Amino acid sequence: MTKYDHKAIEKKWQDKWEKDEVYKASDTSKKDKKYVLIEFPYPSGEGLHMGHLRPYTAGDVYSRFYRMQEHEVLYPIGWDAFGLPAENFALKKGVHPKISTVKNIENAKKQLQSWGMSFDWSREINTTDPEYYKWTQWIFLQFFKAGLAYEATGLINWCPKDKTGLANEEVIDGCCERCGTKVEKKEMRQWYLKITAYAEKLLAGLKDLTEWPEAVKLQQENWIGRSEGAEIEFPIANPRVKRYVILHGRASKPKDNSYPWLKKELEDRGFEVEIPEMPNPGEPNDLEQTDFVEKNCKLDESTVVVSHSFGGIVALRLLERGHKVHGVVLVSTPTTGKFLDKKARPTVSEAVRRGFDYKKIRQNSDYFKILVDSSDTVVPMEDGKVLGKNLDSYPQTVQALKPHFQGKEEPAILETLLPYMKIFTTRPDTIFGATYMVIAPEHPLVQSRMSISENFSDIAKYLEEVKKKDEITRTAVNREKTGVELKGVKAINPATKEEIPVWVADYALMGYGTGAIMAVPAHDERDFEFAKKYNLPIREVVKGGELPFVGNGKLVDSGEYNGMTSEEAIPKMAKEFGVPKVQYKLRDWVFSRQRYWGEPIPIIHCENCGVVAVPEKDLPVTLPEVERYEPTGTGESPLAAIKEWVNVKCPECEGPAKRETNTMPQWAGSSWYWLRYTDPQNGKELASKKLLKRWTPVDVYFGGMEHTTLHLLYSRFWNLFLYDQKVVTAQEPYMKRVPHGIVLAADGEKMSKSRGNVVNPDEIVEKFGADVLRMYEMFLGPHADTVSWNDKGIMGVKRFLDKTWNLGQVLVEHQVEESSQEVLQVLNKTIKKVTSDIENYRFNTAISALMILLNAFERQKTNISKLSWEDFLKLLAPLAPHITEELWHGLGHEGSIHKEAWPKYDEKFAQDTKVIFVVQISGRVRATLEMDAGSSQEDVKQKALADENVKKYLTDKEIIKEIFVQDKLINFVVK
RNA sequence: GCCGCGGUGGCGGAACUGGCAUACGCGCAUGGCUUAGGACCAUGUUCCGAAAGGAUUGAGAGUUCGAAUCUCUCCCGCGGCACCA
């Protein structure tokens, strides 16, 4: 008997399969399609490991099974090859990432083939191929055009080791997801993808994904973090202000623009309002108008002067002349005499030319507020900056409803005049219990209110302290809360009309909601803790339990709402005091990286035109060759150093411009790759509609839990967007998600080089062969469970395949025409079980069923027909493709076993003819009976009562009840 | 703290909608074959007990003729989120 030579046989068939293109997916066949996907690997220098093998084998078994079930199966593979390791390797060894990537891919491909994976290699893709990332960039441009890719400066997560910014999703426990380094906060200009615009769709889509595991859906749901509540404005009181004087601009009158609206809003709140009608508005003279205001208006320390455009010059002149006021609000004030519309306004320019005595002006008002419109068409933003510098104030940039603040209503102005804190709460029913306010240290209001608070230095000190803390210590749960009161600043509770104190405390987070909260210490644990520490009033407004009671109950001390339940009151009070609002925890996706080895972001910055998209015809923007890959660490990508690449002509005005030098994150290429597999060579579109329709959505996606709120969320986002853009045909990308457990080392620890417990799959293949490795990997435990590798355990599978081989040698020669009844019965049951097990990803039990079948075969060696043996080989083929192919050919077949039809079972044999009956007496097993299947209750009862042991237990007892389960059991309940 | 998943022999794990708990495999034991073997074959292997018999699915209660499976309370382990208002 020949021994099974796994090395020679496995190699032989791998070569043959490749040559014959056995696993190529046809775009045109009439069979039902099945798109099976695995997460394509990153080709690292270390090669592929056990973590890859598990899902890939599962996908492979599943694919092979469906090919035999008459499906056209697409099981593709590619390389997610951008990313830091290749770049870090380049840094260390000086090898260009392109070169090391090619080498690593070659090696990984060899590994995959040695594992007998049935991928369709003709569709192999590589995210670093310009023909591929051309489309990654193209998709980015679609986001940009839709306003969903934007640039902003903000505090982002920064990994000091990888020297790059990170997305929220890439920060695990305050550490970098890649390297584990503590993440810092850094203020940077970054590209963002507006994933928050899709929060609702991402959430709603989950409901349709009925074949996704609940755990995966829940995790995404929690990550998106939807909560319903209300946004409520708390006015900030300033008792020193009694009156407003509004100075209109050039070519304007008190009834123009938003003045009437403003006047009414202010008067409604009990303020005195004056809007003098200025002389000669068409050709305004600042000195003449200043004289006019001096004569006609009352200006004192309870007055706030509000000015629009030219009126600002008049306002400044008034202070220059020594008028003391409480505050000055300057809206779109011209200070340079230059205008965006290039029109000449000689009287304005002349007024500006006279200059201002800013020192004097500064002394005559407690504060200056400078409002700048980002969409202004007249006064350049530059003018606001000049003003800010001279008045020691930060210009506040907002977008006016109509350019140059010319709308009939301009809420931004009102907001400046009547500062208020906007808060978000899920419990508007507790508003009567809001006894103080908390704002985050980064809140803009802190900056603007600090100057008028009485304890400026305390606050400044606190802000310094907060700045020093890193994110982890700041958000640690059990940390004692700290804060400082903004003394002299009071908010007004819109429900009770009481003035309540305002605190700056870092338990309010700028990143969520509005960065400010109403604190209800009686009904919020955090507020309770804070109130206790700082002796703030605690007022119970919902009855229900011990304070802080946070649940639902009956309202008390809440005016007309007394007696209502929280549930009833929440929607009503949300509407009365604010507006209902939905909040998400999801943040926009920080999409730029300050590294070399990634897709260049296809954007050009022009001095005149601003941010301009690279025209689609110029794609791809290829990565240039560089000498040095070092990240600069300053927040600039290494690309910035390549002048010839960076400096370009603006595609719009042809003026001098610069390329965006940040690259895309690792997740970009994988956010759409499954689409490309359907049409990998297409040069005109990312994939044709026809082929997308043929193959997508993916039917089954095998992958890890660790990608749930990363790749899986990102790629759903991209797909939903591309669906809205009518680029793809399926709304959701993956119909079914099958997660797998981690493979731990024998010691129950994670496999790692430093622990020295790594099991290298290639060594196992060398020693036992791919079939043994694949089967053992599947046999370790349920596919979704974490399992531990066991060196000894693998021998069980090896013995099974050895026995299969040996029996195969015997069965080539002596066979019977018809298998015995026992063989047929076990075989048919096994077909049934293996079929449903593979359909349901229960590979471990499928294997044990095959073991049982083989054991039966060994007992019945001489009673096995050729057909029965062939059925066994077919059942085993998806799991052990090589040995079964060899045995199949040994039986004289020409074609591949993997193209054979899956065995069908005969229900007649799959069912037992004899069944074992359990005889219970009051629920305890007292005997077992062998009966014909389908025996009647009466027959079973007769036989049971005849049993000696049963008789023994029935003596002196009365049967009061009889329970009969067909083919299973009979139970006598006795007294 | 919140959310989710799980706890079955010495070990990995079976048990479909409540119906013989411990399939299959590892390990172990005994015997055989063998110069030898992480080889092969046979038998046994949840625990207590010589046996009859009894106990047993993290602990405790409940529903039921009958519970690993359903309900409640608690304990332990794993994963996710984490001052999210």
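Here the structure is a predicted model, which is why all the values come from computation and not from measurement. Note on naming: letters A, B, ... go to the chains in the order of the sequence lines (proteins, then strands), and numbering restarts at 1 for each one.
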Would you tabulate the pairs of protein nitrogen or oxygen atoms and nucleotide nitrogen or oxygen atoms of nucleotides 60-71 of chain B closer than 3.5 angstrom?
{"from": "B/C65", "atom 1": "O2", "to": "A/N971", "atom 2": "ND2", "distance (Å)": "2.2"}

Can a side chain N or O of A/R799 be found less than 4.0 Å away from OP1 or OP2 on B/G25? no
Test ring pair (Phe, Tyr, Trp, His ring centres under 6.0 Å) applied to A/W789 - qualifying residues, sequence neighbours left out: A/Y776
When all nucleic acid strands are considered with a 4.0 Å heavy-atom cut-off, which category describes A/D527: base, sugar-phosphate, or nothing? nothing
Near-ring test A/F702/A/H740, centroid separation under 6.0 angstrom: no
With sequence neighbours excluded, tell me which residues meet side-chain contact (heavy atoms from CB on, under 4.5 Å) with A/H523. A/T430, A/V520, A/E540, A/V541, A/V542, A/L547, A/F549
A/I517 CD1 to B/A85 P, in whole Å, measures 11 Å
A/Y462 side-chain N/O to A/T482 backbone N/O, donor-acceptor pair under 3.5 Å: yes
Check the distance between B/C26's P and A/M775's CE and give it to me in whole angstrom. 13 Å
Under 3.5 Å, which N/O atoms of the protein pair with N/O atoms of nucleotides 2-13 of chain B?
{"from": "B/G12", "atom 1": "O2'", "to": "A/L780", "atom 2": "O", "distance (Å)": "2.5"}

Show the atom names and distances, to 0.1 Å, of all donor-acceptor pairs under 3.5 Å that link a side chain in residues 915-923 of chain A to residues at least two apart or in another chain.
{"from": "A/Q920", "atom 1": "OE1", "to": "A/N971", "atom 2": "ND2", "distance (Å)": "3.4"}
{"from": "A/S922", "atom 1": "OG", "to": "A/V974", "atom 2": "N", "distance (Å)": "3.3"}

When pairs are called at under 3.5 Å and a stem needs at least three consecutive Watson-Crick or G-U pairs, the stems of RNA chain B are B:1-7 with B:75-81, B:10-12 with B:24-26, B:27-32 with B:40-45, B:46-48 with B:53-55, B:58-62 with B:70-74
Any salt bridge linking A/R226 with A/E221? Criterion: basic side-chain nitrogen under 4.0 Å from a carboxylate oxygen. no
Sequence neighbours excluded, the answer for ring pair (Phe, Tyr, Trp, His ring centres under 6.0 Å) partners of A/F577 is none
Set out, line by line, the N/O atom pairs under 3.5 Å between protein and nucleotides 47-49 of chain B.
none

Between B/G6 and B/C16, how far apart are the two P atoms, rounded to whole Å? 14 Å
Within the 4.0 Å heavy-atom criterion, would you say A/K585 contacts the bases, only the backbone, or no part of the nucleic acid? base
A/E858 or A/Q219, whichever maps to the more 5' nucleotide of RNA chain B: A/E858
Could you go through nucleotides 51-57 of chain B and list every protein N or O atom that sits under 3.5 Å from one of its N or O atoms, giving the distance for each pair?
{"from": "B/G54", "atom 1": "OP1", "to": "A/R926", "atom 2": "NH1", "distance (Å)": "3.4"}
{"from": "B/A55", "atom 1": "OP2", "to": "A/R924", "atom 2": "NH1", "distance (Å)": "3.4"}
{"from": "B/A55", "atom 1": "OP2", "to": "A/R924", "atom 2": "NH2", "distance (Å)": "2.8"}

Round to a whole Å and report the spacing from CG of A/D837 to P of B/A23. 17 Å
With sequence neighbours left out, what residues match A/P521 under side-chain contact (heavy atoms from CB on, under 4.5 Å)? A/T435, A/Y436, A/D527, A/A531, A/I538
For A/E777, what residues pass the side chain to side chain donor-acceptor pair (under 3.5 Å) criterion, not counting sequence neighbours? none
Report the residues that fulfil salt bridge (charged side-chain N to carboxylate O under 4.0 Å, His left out) with A/E465, sequence neighbours left out, ordered by chain and then residue number. none
